[in-house]
Asker: 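Got a structure here, written out as structure tokens. Questions coming.
Values reported hereafter were calculated over all heavy atoms of this structure, with side chains retained and with hydrogens, waters and symmetry mates removed. All residue numbers in this chain count up from 1 along the given sequence.
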Amino acid sequence: MTRPRLTLPLGSPLQLLLLACSFALSAYAGVRLLDGEWFEIALWIVGAALVHDLVLLPLYAAADRLLVRASGPRRTWVGYVRVPAVLSLLLLLVWFPLITGQVTTRYTAATALPADRFLEHWLLTTATLFAGSAVLFVGRRRRKPTAPRAR
């Protein structure tokens, strides 16, 4: 009788090495980031987590419920609206100060690059995401359903 092989649920050695390297890189970045004004940065991180959990999460959960209710019994198109909306809002969240023009002079001073096109680029990216999603939706709706296989 063969003994069952003992396996650890940790993953392969390569996965463990990559995980250890990512933790080391994150720790290094955290130490470098918190080297200066650590209190303000920690306050910003905690505040961002609270704003997300207490304000943003209920808002986009309610918007998603409205979208699902509006779709009725046929919900095949909901994912084609969710994905570009989430990606667009994520880009807005990340680049919000530049999209709204709040830090254009500071950005230009730090990078020597113009900061006046971020709103246009975000709007173009959002339109492209929704257009691509619409093309995928129409393409999949027009595809003929395949006949079921005989068993």
Side-chain angles (χ1 to χ4, degrees), residues 7-34 40-151:
T7 59
L8 295 174
L10 297 174
S12 71
L14 179 62
Q15 286 175 328
L16 292 175
L17 178 66
L18 289 174
L19 187 62
C21 289
S22 68
F23 280 139
L25 182 63
S26 297
Y28 172 73
V31 166
R32 293 290 304 237
L33 180 68
L34 297 175
E40 287 84 7
I41 293 170
L43 185 66
W44 184 86
I45 291 172
V46 169
L50 287 175
V51 166
H52 173 265
D53 290 350
L54 298 177
V55 177
L56 295 178
L57 182 65
L59 282 177
Y60 59 74
D64 187 59
R65 283 188 182 198
L66 287 174
L67 180 68
V68 169
R69 278 194 193 140
S71 67
R74 296 186 56 146
R75 295 183 180 156
T76 57
W77 60 271
V78 171
Y80 294 96
V81 174
R82 275 183 187 155
V83 172
V86 165
L87 292 174
S88 175
L89 289 173
L90 182 64
L91 288 172
L92 176 64
L93 184 66
V94 170
W95 298 104
F96 183 77
L98 287 166
I99 290 171
T100 58
Q102 293 176 357
V103 292
T104 55
T105 55
R106 192 196 243 167
Y107 178 81
T108 304
T111 64
L113 297 172
D116 58 348
R117 307 281 315 255
F118 278 91
L119 176 62
E120 297 166 17
H121 290 179
W122 175 72
L123 289 172
L124 184 62
T125 302
T126 299
T128 304
L129 286 170
F130 276 99
S133 184
V135 166
L136 278 174
F137 177 70
V138 169
R140 290 186 178 165
R141 293 278 298 179
R142 286 190 175 192
R143 189 177 355 158
K144 303 250 190 259
T146 58
R149 290 189 221 173
R151 292 185 184 196

Asker: Using the salt bridge (charged side-chain N to carboxylate O under 4.0 Å, His left out) criterion, which residues pair with Asp64? Sequence neighbours excluded.
Answerer: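 Applying salt bridge (charged side-chain N to carboxylate O under 4.0 Å, His left out) to Asp64 gives Arg82.
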Asker: Run the ring pair (Phe, Tyr, Trp, His ring centres under 6.0 Å) test against Phe137 and tell me which residues pass, sequence neighbours left out.
Answerer: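 In terms of ring pair (Phe, Tyr, Trp, His ring centres under 6.0 Å), with neighbours along the sequence ignored, Phe137 is linked to Tyr80.
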Asker: Considering all heavy atoms of both residues, which atom of Thr125 and which atom of Leu91 are nearest to each other, and what is their separation?
Answerer: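 Taking Thr125 first and Leu91 second, the nearest heavy atoms are CG2-CD1, 3.7 Å.
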Asker: Between Ser88 and Ala85 (side chain of the first, backbone of the second, donor and acceptor by atom type, cut-off under 3.5 Å), is there such a pair?
Answerer: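 Here the side-chain-to-backbone pair does not exist.
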Asker: So, using side-chain contact (heavy atoms from CB on, under 4.5 Å) as the criterion, who are the partners of Leu87 when residues are at least two apart?
Answerer: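 So Leu87 forms a side-chain contact (heavy atoms from CB on, under 4.5 Å) with Val83, Leu129.
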Asker: Less than 3.5 Å apart, which donor and acceptor atoms pair up between the side chains of residues 44-54 and the rest of the protein, not counting sequence neighbours?
Answerer:
residue, atom, partner, partner atom, Å
His52, NE2, Tyr60, OH, 2.7

Asker: For Arg32, which residues count as a side-chain hydrogen bond (donor to acceptor under 3.5 Å, both in side chains) partner, sequence neighbours excluded?
Answerer: Tyr28
Asker: Which residue pairs satisfy the salt bridge (Lys or Arg N to Asp or Glu O under 4.0 Å) criterion with at least one member in residues 107-130, sequence neighbours excluded?
Answerer: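 Counting only pairs at least two positions apart or across chains, the salt bridge (Lys or Arg N to Asp or Glu O under 4.0 Å) contacts touching residues 107-130 are Arg117-Glu120.
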Asker: side-chain contact (heavy atoms from CB on, under 4.5 Å) with Ser71: which residues, sequence neighbours excluded?
Answerer: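 Arg75, Trp77, Val78.
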Asker: Minimum heavy-atom separation for Pro84 and Gly79, please, with both atom names.
Answerer: CD-O, 4.3 Å
Asker: For His121, enumerate each residue passing the ring pair (Phe, Tyr, Trp, His ring centres under 6.0 Å) test, keeping only those at least two apart in sequence or located in another chain.
Answerer: none
Asker: Kindly write out the residues that satisfy ring pair (Phe, Tyr, Trp, His ring centres under 6.0 Å) with Trp95, not counting sequence neighbours, or none if the list is empty.
Answerer: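 Checked Trp95 against ring pair (Phe, Tyr, Trp, His ring centres under 6.0 Å); matches are Phe118.
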Asker: Of all heavy-atom pairs between Val81 and Leu67, which one has the smallest distance, and what is that distance?
Answerer: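 Val81 and Leu67 have their closest heavy atoms at CG1-CD2, 4.0 Å.
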Asker: By salt bridge (charged side-chain N to carboxylate O under 4.0 Å, His left out), which residues pair with Glu40, not counting sequence neighbours?
Answerer: none
Asker: How far does CG of Leu56 sit from CG of Leu93, to the nearest 0.5 angstrom?
Answerer: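 Result: 7.0 Å between the selected atoms.
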Asker: Quick one: side-chain contact (heavy atoms from CB on, under 4.5 Å) partners of Leu14, sequence neighbours excluded?
Answerer: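 Testing Leu14 for side-chain contact (heavy atoms from CB on, under 4.5 Å), a comparison that skips the adjacent residues, returns Ser12, Leu18.
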Asker: Applying side-chain contact (heavy atoms from CB on, under 4.5 Å), can you list everything that pairs with Thr104, at least two apart in sequence or on another chain?
Answerer: Ala115
